[in-house]
Amino acid sequence: MRFFVPTDIYIENDCVKNHTQDFQAIGKRALIMTGRHSAAANGSLDDVTGALDAEHIPFQIFNEVEENPSTDTVRKAAQAARDFEADFVIGIGGGSAIDAAKAAALLLSNPSVDADDLHKAPNRPLSHAPVVAVPTTCGTGSEATPVAIITNHKIHLKKSIPHRIFPALALVDGKYLASAKKALVVNTAVDALSHMVESILNVKSNAFNRMFPEYGLRLWGECKSALLSDKDIDANLYEKLMLTSTIAGMSIAHTSTTLPHGMSYDLTLNAGVPHGPAVGYFLAAYTEVCAKFVPGDVEKILSLLGLKNIDDFTAMLQNLIGTYAVTREMRDKFAAAMKVNRSKLDLAPGPISPEDVDFIYEKSLNIKP
Ligand code: NAP
Ligand code: FE
């Protein structure tokens, strides 16, 4: 058994302001990567630029990261970093900005690698410039994982790149959620839930790495009624939701994700479904299939969430994210690709048959009339 999360993680109110000196240890010139609007609107960008000013660290802002970031965007950001002679990269935002920052940091240190080759397995591990992560959604946990999910539109592929890029520093502050719409909080919390469930229902799950999802699922269960209610999220819960998301990231840092994540990428790429719901649609049916192999683990997950059975789990997810319909042709195409996706199938806690894959798709996606 092994435990390895080398990221220095602070989770507290005002943590960017409280730890400006930690930026000094990371580098001398920074490229800050954000999406178009949210980081400027929720105060996270001001906090980071204030911290860099306080430490006399010059920075440049690249605010063009789109949802599900593309190889073209990370190529452009890496060039901006090179032109500015940055020696580290700060990702502020949801998983998209943080994943893009990781990929740009890798390209910055490896000018001979083109962004369109990021998904190719390297002959040897490549080094990368240090990354600082400041999350503003409560879902991906990218601040605590070595994973970057990047989309290459030229080959119609959304997938994690094979390079392991743990941020050097993560500054996690729940207050950035205050500007988020309820749907964004719910969608990203469903992603965090999926990370923990997929980490337990996983061949790599062991006594050591289980500490994270088992504790995190209990926290998620405590947020459940607020997520399900019609009211806005109470500010008291922001920190707990962020903590849960980071713990969920630490969970998959050890095990990786399994079928629901593998299945989600086609849905996002072909139908534009946001990441959290795209994963969440498949979660209950995957859990049902895994009950054949690890019934005790499924019981444990349900009890930590305060649910009686899989039907309750299905109903809860439908209340949170609704249901989704695709054409029969699309569903058959997605299922055919998943039946040969060994990188995800081999992580399930038992042998997933082609019939199991069909069952998950049939149970999870409706067919458009
Ligand atoms: P996201 O794609 O980063 O952001 C979604 C939207 O939310 C964007 O429009 C963004 O606006 C906005 N937003 C972000 N923070 C906000 C805030 N505090 N208030 C208001 N709006 C805010 O969403 P995400 O779900 O966090 O990340 C999804 C990506 O992460 C996917 O590509 C997924 O595959 C990947 N992922 C990575 C990992 C990992 O371990 N690395 C794990 C799971 C998923 P702006 O564009 O203006 O910023
Ligand atoms: Fe995810």
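Side-chain contact of Thr20 with Glu55: a donor-acceptor pair under 3.5 Å is present, judged by distance alone. Using a 3.5 Å distance cut-off with no hydrogens or angles, the side chains of Glu66 and Ser70 do pair a donor with an acceptor. For the residue pair Glu64 / Thr73, no side-chain donor-acceptor distance below 3.5 Å is found, with atom types taken as modelled. For the 3.5 Å distance criterion, the side chains of Asn63 and Thr34 fail to qualify, holding no donor opposite an acceptor. If you check the side chains of Asp191 and His261, you find a donor sitting under 3.5 Å from an acceptor. Defined by atom type and a distance below 3.5 Å, a donor-acceptor pair is present between the side-chain atoms of Thr257 and Lys344. Judged by distance alone, the side chains of Ser343 and Asn341 do bring a donor and an acceptor atom under 3.5 Å apart. Between Thr246 and Glu143, the side chains place a donor N or O and an acceptor N or O closer than 3.5 Å (distance only, hydrogens not considered).
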Item to complete: List the steps and the verdict of side chain to side chain donor-acceptor pair (under 3.5 Å) for Ser142 and Lys102.
Response: CA-CA 9 Å; Ser142 181; Lys102 291 176 180 177; 3.0 Å; yes
Practice prompt. Mind running side-chain contact (heavy atoms from CB on, under 4.5 Å) on Asp266 and Met330 for me, showing each step along the way?
Written response: CA-CA 9 Å; Asp266 275 333; Met330 232 183 190; over 6 Å; no
Worksheet entry | Stepwise salt bridge (charged side-chain N to carboxylate O under 4.0 Å, His left out) check, Asp356 with Lys292 | CA-CA 11 Å; Asp356 291 330; Lys292 288 193 294 192; 2.7 Å; yes
Discussion item. Please determine whether side-chain contact (heavy atoms from CB on, under 4.5 Å) holds for the pair His19 and Glu12, giving the CA-CA distance in whole Å, both sets of side-chain angles, and the decisive distance to 0.1 Å.
Written reply: CA-CA 11 Å; His19 301 287; Glu12 67 201 30; 2.6 Å; yes
Practice prompt. Might you work through the side-chain contact (heavy atoms from CB on, under 4.5 Å) test for Phe88 and Val131, ending with a clear yes or no?
Written response: CA-CA 6 Å; Phe88 74 111; Val131 175; over 6 Å; no
Worksheet item: Hey, mind stepping through Lys175 and Asp47 against salt bridge (charged side-chain N to carboxylate O under 4.0 Å, His left out) and telling me if it holds?
Response: CA-CA 12 Å; Lys175 73 167 182 256; Asp47 283 353; 3.4 Å; yes
Fill in: side chain to side chain donor-acceptor pair (under 3.5 Å) between Asn270 and His156, worked out
CA-CA 9 Å; Asn270 292 282; His156 204 58; 2.9 Å; yes
Worksheet entry | Tyr286/Tyr281 under ring pair (Phe, Tyr, Trp, His ring centres under 6.0 Å): CA gap, chis, key distance, verdict | CA-CA 10 Å; Tyr286 175 66; Tyr281 296 135; over 10 Å; no
Practice prompt. Under the side chain to side chain donor-acceptor pair (under 3.5 Å) rule, what do Thr258 and Asn202 come out as? Steps first, then yes or no, please.
Written response: CA-CA 7 Å; Thr258 59; Asn202 193 305; 5.2 Å; no
Item to complete: Tell me, with the steps shown, if Ile150 and Asn68 meet side-chain contact (heavy atoms from CB on, under 4.5 Å).
Response: CA-CA 7 Å; Ile150 303 295; Asn68 311 299; over 6 Å; no
Worksheet entry | Intermediate values then yes/no, side chain to side chain donor-acceptor pair (under 3.5 Å), Asp234 and Asn236 | CA-CA 5 Å; Asp234 191 289; Asn236 291 331; 3.1 Å; yes
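Asp72 and Arg75 are joined by a salt bridge, as a carboxylate oxygen and a charged side-chain nitrogen come within less than 4.0 angstrom of each other. Between Arg210 and Asp297 a salt bridge is recorded (basic side-chain N to carboxylate O distance below 4.0 Å). Under 4.0 Å is where a charged nitrogen must lie from a carboxylate oxygen, and between Lys339 and Asp358 at least one such pair does.
Ring geometry for Tyr265 against His275 counts as parallel: the plane angle stays under 30°, on a 0 to 90° scale with 60° as the upper cut.
No side-chain donor-acceptor contact under 3.5 Å links Ser44 to the backbone of Ala40. Looking only at distances, no side-chain donor or acceptor of Asp14 sits under 3.5 Å from a matching main-chain atom of Lys17. Put simply, the side chain of Trp220 never gets that close to the backbone of Ser245: no donor and acceptor are under 3.5 Å apart.
Checked against a 6.0 Å centroid threshold, the rings of Phe282 and Tyr361 count as neighbours. Aromatic ring centres of Phe59 and Phe84: separated by at least 6.0 Å.
Residues Val203 and Pro349 form no side-chain contact, since every pair of their non-hydrogen atoms from C-beta on lies 4.5 Å or further apart. Inter-residue side-chain proximity for Lys224 and Leu307 is flagged as met; some heavy-atom pair is nearer than 4.5 Å. In this structure, the side chains of Leu107 and Val74 come closer than 4.5 Å at one or more pairs of heavy atoms. Contact of the Asn209 side chain with the Phe3 side chain is not registered, since no non-hydrogen atoms from C-beta on lie closer than 4.5 Å. Between Phe313 and Leu302, some side-chain heavy-atom pair lies under the 4.5 Å cut-off. Side-chain atoms of Leu177 and Thr136, non-hydrogen and from C-beta on, never get closer than 4.5 Å to each other. Contact of the Ile165 side chain with the Pro146 side chain is not registered, since no non-hydrogen atoms from C-beta on lie closer than 4.5 Å. The shortest side-chain heavy-atom distance between Thr7 and Thr145 does not fall under the 4.5 Å cut-off.
How far OH of Tyr215 is from OG1 of Thr244: 8.5 Å, rounded to the nearest 0.5 Å. The distance from the CD1 atom of Ile252 to the OG atom of Ser199 is 8.0 Å, given to the nearest 0.5 Å. Distance check: Gln79 CD to Leu108 CG gives 10.0 Å after rounding to the nearest 0.5 Å.
Of the residues Val279, Thr255, Leu259, the one that meets the side-chain contact (heavy atoms from CB on, under 4.5 Å) test with Glu198 is Val279. Tyr10 pairs in a side-chain contact (heavy atoms from CB on, under 4.5 Å) with only one of the listed residues (Val172, Asn18, Asp22), which is Asp22.
When all heavy atoms are compared, the tightest approach of Leu157 to Leu269 is N-CD2, 3.7 Å. Looking at every heavy atom in both residues, Asp173 comes nearest to Cys15 through OD2-N, 3.7 Å. Listed here is the closest heavy atom pair of Ala77 and Met33: CB-CE, 3.4 Å. The heavy-atom pair separating Thr268 from Val273 by the smallest distance is OG1-O, 2.8 Å. Between Ile9 and Ile11, the closest heavy-atom pair is CG2-CG1, 3.9 Å. Residues Cys138 and Val185 share a closest heavy-atom pair of SG-O, 3.7 Å.
Hydrophobic cluster membership is shared by Met242 and Val186, with clusters built from Ile, Leu, Val, Met, Phe, Trp and Tyr side chains linked at under 4.5 angstrom. Taking hydrophobic clusters as Ile, Leu, Val, Met, Phe, Trp and Tyr residues chained together by side-chain heavy-atom distances below 4.5 Å, Leu304 shares a cluster with Leu283. Hydrophobic clustering (side-chain heavy atoms under 4.5 Å, transitive across Ile, Leu, Val, Met, Phe, Trp, Tyr) keeps Val89 apart from Leu118. Under the 4.5 Å side-chain heavy-atom criterion for grouping Ile, Leu, Val, Met, Phe, Trp and Tyr, Ile200 is connected to Met196 within one hydrophobic cluster. Hydrophobic clustering (side-chain heavy atoms under 4.5 Å, transitive across Ile, Leu, Val, Met, Phe, Trp, Tyr) groups Val289 together with Leu317.
For Arg2 and Phe4, the positive end sits near the middle of the six-membered ring, less than 6.0 Å away and at most 45° from its axis.
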